[in-house]
Amino acid sequence: MASVRELVFQAVRRIPRGKVLAYGQVAELVGGVALSGYEVGRIMSSATPDVPWQRVVARDGSLVISKRNPSLAQEQRRLLELEGVTFDSAGRVRMDLHTWVPGGTLFEEE
């Protein structure tokens with residue numbers, strides 16, 4: 001079986017262009033593994049180049065990394081905007097428009 005890290009990366013790879021998920025939603029998508037949104041964030045900090053890391057945000061649409069690394073947050077916003085993701089006046093992703101609604105969990109769909 002794949003490691004928890006790889007399961008998180010598989011889940012994030014499934015998020016379509018122009019859509020996002022919150023860290024906790026990624027944890028739910030993985031399913032079958034006790035995992036929190038915080039742990040997903042920790043795992044995402046080591047994302048490989050093939051993982052669209054920019055598509056994972058806080059549940060309110062804010063770019064969590066902005067507190068630790070403002071230049072990386074600018075890059076995240078730039079990448080999301082290239083995919084057509086829009087932001088509100090507070091700089092948060094419009095979750096009402098861009099949250100991806102997957103069916104089931106990784107384990108159910110395999």
Considering all heavy atoms, the nearest [X]-[Y] contact:
X    : Y   : value
A47  : W53 : CB-CB, 4.2 Å
V56  : A22 : CG1-C, 4.3 Å
W100 : L21 : O-CD2, 3.2 Å
L63  : A73 : CD1-O, 3.6 Å

Sequence neighbours excluded, which residues qualify as salt bridge (charged side-chain N to carboxylate O under 4.0 Å, His left out) partners of [X]?
X   : value
R5  : none
D88 : R92
R59 : none

Same hydrophobic cluster for V64 and L72, using side-chain heavy-atom links shorter than 4.5 Å among ILVMFWY? yes
Please check if L79 and V26 belong to a single hydrophobic cluster, counting links between Ile, Leu, Val, Met, Phe, Trp and Tyr side chain heavy atoms closer than 4.5 Å. yes
Any heavy-atom pair between the side chains of [Y] and [X] that's under 4.5 Å?
X   : Y   : result
V57 : Q76 : yes
V51 : M44 : yes
V8  : V30 : yes
I43 : V4  : yes

Verify side chain to side chain donor-acceptor pair (under 3.5 Å) between Q54 and E83, making sure each step is shown before the conclusion. CA-CA 10 Å; Q54 73 274 10; E83 295 183 9; 2.8 Å; yes
Using side-chain hydrogen bond (donor to acceptor under 3.5 Å, both in side chains) as the criterion, list what pairs up with [X], not counting sequence neighbours.
X   : value
E39 : S36
Q74 : none
D50 : R13, T48
S71 : N69

Can we say R78 and E81 salt-bridge, meaning some charged N sits less than 4.0 Å from an Asp/Glu carboxylate O? no
Separation of L35 CG from E28 CD (nearest 0.5 Å): 10.5 Å
dist R94:CZ -> L80:CG (nearest 0.5 Å) comes out at 14.5 Å
Would you please test T99 and Q25 for side-chain contact (heavy atoms from CB on, under 4.5 Å) and show each step? CA-CA 10 Å; T99 299; Q25 292 172 310; 3.6 Å; yes
Would you kindly check if the NZ (Lys) or CZ (Arg) of R77 is within the cone defined by 45 degrees around the ring axis of F87 and under 6.0 Å from the six-membered ring centre? yes
Ignoring hydrogens and angles, tell me if any N or O in the side chain of K19 forms a donor-acceptor pair with the backbone of L97 under 3.5 Å. yes
Taking H98 for the side chain and G18 for the main chain, is one N or O donor matched with an acceptor at less than 3.5 Å? yes
Residues E6, Q10; criterion side-chain contact (heavy atoms from CB on, under 4.5 Å); working and verdict: CA-CA 6 Å; E6 187 52 39; Q10 285 176 24; 3.7 Å; yes
